[in-house]
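This one's a predicted model, so the numbers in the text were calculated from it and none came from an experiment. In the text below, chain A, chain B and the rest are named by the order of the sequence lines, each starting its count at 1.
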Amino acid sequence: MDISTLIKHLWLTPQGNMPILGTVYIFFLTLIISLPLGIIVALLRLSKVKVISYIVQFFISVLRGTPLMLQLMVVTYGPSFIAKQFGYNLSMPEKLIPVVIAFSINYAAYFAEIYRGGIESVPRGQYEAAEVLGYSKSKTFIRIILPQVIKRIVPSVTNEVITLVKDTSIAFTVSYVELFTEVKRIAISHSTFMPFIVAGVFYYIFNFLVTVAMGKVEKSLSYYRI
Amino acid sequence: MNILSMENIKKSFGSNEVLKDISFKVNKGEVVSIIGTSGGGKSTLLRCATLLETIDDGTITYMGEDVTYYDQNGKLCYAKDLNHFKKFFGLVFQNFNLFPHFSVLKNVMDAPVTVLKRDREEVKKECLELLDKMGLADKATAYPCELSGGQQQRVSIVRALAMKPDILFFDEPTSALDPELTGEVLKVIKALADEKMTMVIVTHEMAFARAVSDRVVFIDGGVILEQGTPEEVFVNTKNERTRQFLQNYNS
Ligand SMILES: Nc1ncnc2c1ncn2[C@@H]1O[C@H](COP(=O)(O)OP(=O)(O)O)[C@@H](O)[C@H]1O
Ligand SMILES: [Mg+2]
């Protein structure tokens, strides 16, 4: 298989799959869900109700302390496995759904810890100034605290996003058709190493674009210093 | 009329009794300076008055309305709608606490517009006038990080004034400033005093306190040891502790 056929194949396989798009889907859907979800998790983690904080803390530590690959397996095969124990036969949903769920939960845990660090680094005086001026708790968070948190955490978030680009390849373990799944299949069936190089170049370019985009975000927030 | 009345205020942090039965009233148009050794409870008194801390015992009223009351069981409670009382006062912090992500104009406009829901254009006009009066007209679009400490503190005074408070509290407004910048901030506070703005100023600037105050309060160890006109406290004090304190300051 020559390189242009390979690239065409990775865009659209004869079976009608779109491996590159599969990777892009995982990436964007995970970000769209986990970035906001992380805020909620962080706020629960910071809850004054100790029980809530401890429970969330426990889940975060499990999500960060076990392999994403394992979590992906559990989310993908767990439901039908459990259903079978009770004598039901669950048909497999579109693979993208469990993949995105597993990735989003996992990344939300990481983002939550980044947000928490950011929230805790905003000086008390900011809350107090807002409180004396009569801002409600939610207005204080949304108008005063969150924008400063975002500025503080952009570099750490960039690191996670770069990791996410590479992590999308883990979806091959549940045979969801994304770039790496297809590359590995072709490399084995055609006994060639070339697909791996193509994949490497793809991930590298993807992350180059991510770095440029996040650099723009960081720059757009550089009009003030904290 | 008493704008603020605090009676028999007690406040402890753990076993540390910081305010021991303090009673403190401020009349309309009055300028009160609070002086005293560090750790004496001055900030805590201001933080209790501005509802940043809750008192353990005593009563607080603003404009004759009760902020705190005792229920049937004799338990101290705070009024439900504390925002109603927050309209009466403003607080200027030692380290400004401006919002770094807002421009100067937005810093001073945001609360009147989003908290008080006032008309944006009207607020903007007032705020620009206030900034102009404080010599900050050309800084409206700047960000706090681009300003000197003295300018930041003047912005934070405008931010408090934009809420049209009946009383303004200052907690060591010049303590975080380089010595050469304190003058511009003190001048602004002096101008407010001349306009009969009701103010309570915690300060270590004795000459300033003496010049602007109607009344000087000396707090030490969580109690008001002495209060009176600047003349009475600074010149003719009969209190040994006050004398010692002032001596340390003048030497
Ligand atoms: N949030 C707090 N928690 C515990 N102790 C506090 C707190 N705030 C103030 N204190 C204590 O209360 C005392 C009075 O402090 P403060 O009111 O700041 O004094 P001043 O402003 O006169 O220097 C000090 O002993 C200080 O350590
Ligand atoms: Mg103090």
Heavy-atom distances under 4.5 Å only: say whether [X] touches chain A with side chain, backbone, both or neither.
{"X": "B/L82", "result": "neither"}
{"X": "B/F96", "result": "neither"}
{"X": "B/L91", "result": "both"}

Does [X] have more than 12 heavy atoms from other residues, nucleotides or ligands lying within 6.0 Å of its [atom1]?
{"X": "A/F196", "atom1": "CZ", "value": "yes"}
{"X": "A/Y203", "atom1": "OH", "value": "yes"}
{"X": "B/F13", "atom1": "CZ", "value": "yes"}

(request) Would you check, one step at a time, whether the test side chain to side chain contact (heavy atoms under 4.5 Å, CB included) holds for B/F169 with A/V132? (result) CA-CA 11 Å; B/F169 297 92; A/V132 171; over 6 Å; no

(message) With chain A as the partner, which of B/A162, B/P100, B/G90 has the greatest number of non-hydrogen pairs under 4.5 Å?
(response) B/P100

(request) Please determine, among B/L98, B/L51, B/L116, the option with the most heavy-atom pairs under 4.5 Å with chain A. (result) B/L98

(message) Under the criterion side chain to side chain contact (heavy atoms under 4.5 Å, CB included), I'd like the reasoning laid out for A/L133 against B/F99: C-alpha separation, chi angles, the key distance, then a yes or no.
(response) CA-CA 12 Å; A/L133 290 166; B/F99 303 132; 4.1 Å; yes

So which N and O atoms of chain A and chain B form donor-acceptor pairs under 3.5 Å?
| residue | atom | partner | partner atom | Å |
| --- | --- | --- | --- | --- |
| A/G125 | O | B/N97 | ND2 | 3.4 |
| A/Q126 | NE2 | B/L98 | O | 2.8 |
| A/E128 | OE1 | B/R47 | NH1 | 3.0 |
| A/E128 | OE2 | B/R47 | NH1 | 3.1 |
| A/E128 | OE2 | B/R47 | NH2 | 2.8 |
| A/E131 | O | B/K86 | NZ | 3.4 |
| A/G134 | O | B/N83 | ND2 | 3.4 |
| A/Y135 | OH | B/D110 | OD2 | 2.6 |
| A/Y135 | OH | B/A111 | N | 3.3 |
| A/K139 | NZ | B/T114 | O | 3.1 |
| A/R143 | O | B/H101 | NE2 | 2.8 |
| A/R143 | NE | B/D110 | OD1 | 3.4 |
| A/R143 | NE | B/D110 | OD2 | 3.0 |
| A/R143 | NH2 | B/D110 | OD1 | 2.5 |
| A/R225 | NH2 | B/C145 | O | 3.3 |

(message) Ignoring hydrogens, what is the shortest heavy-atom contact between B/V115 and A/G134? Give both atom names and the distance.
(response) CG1-O, 3.5 Å

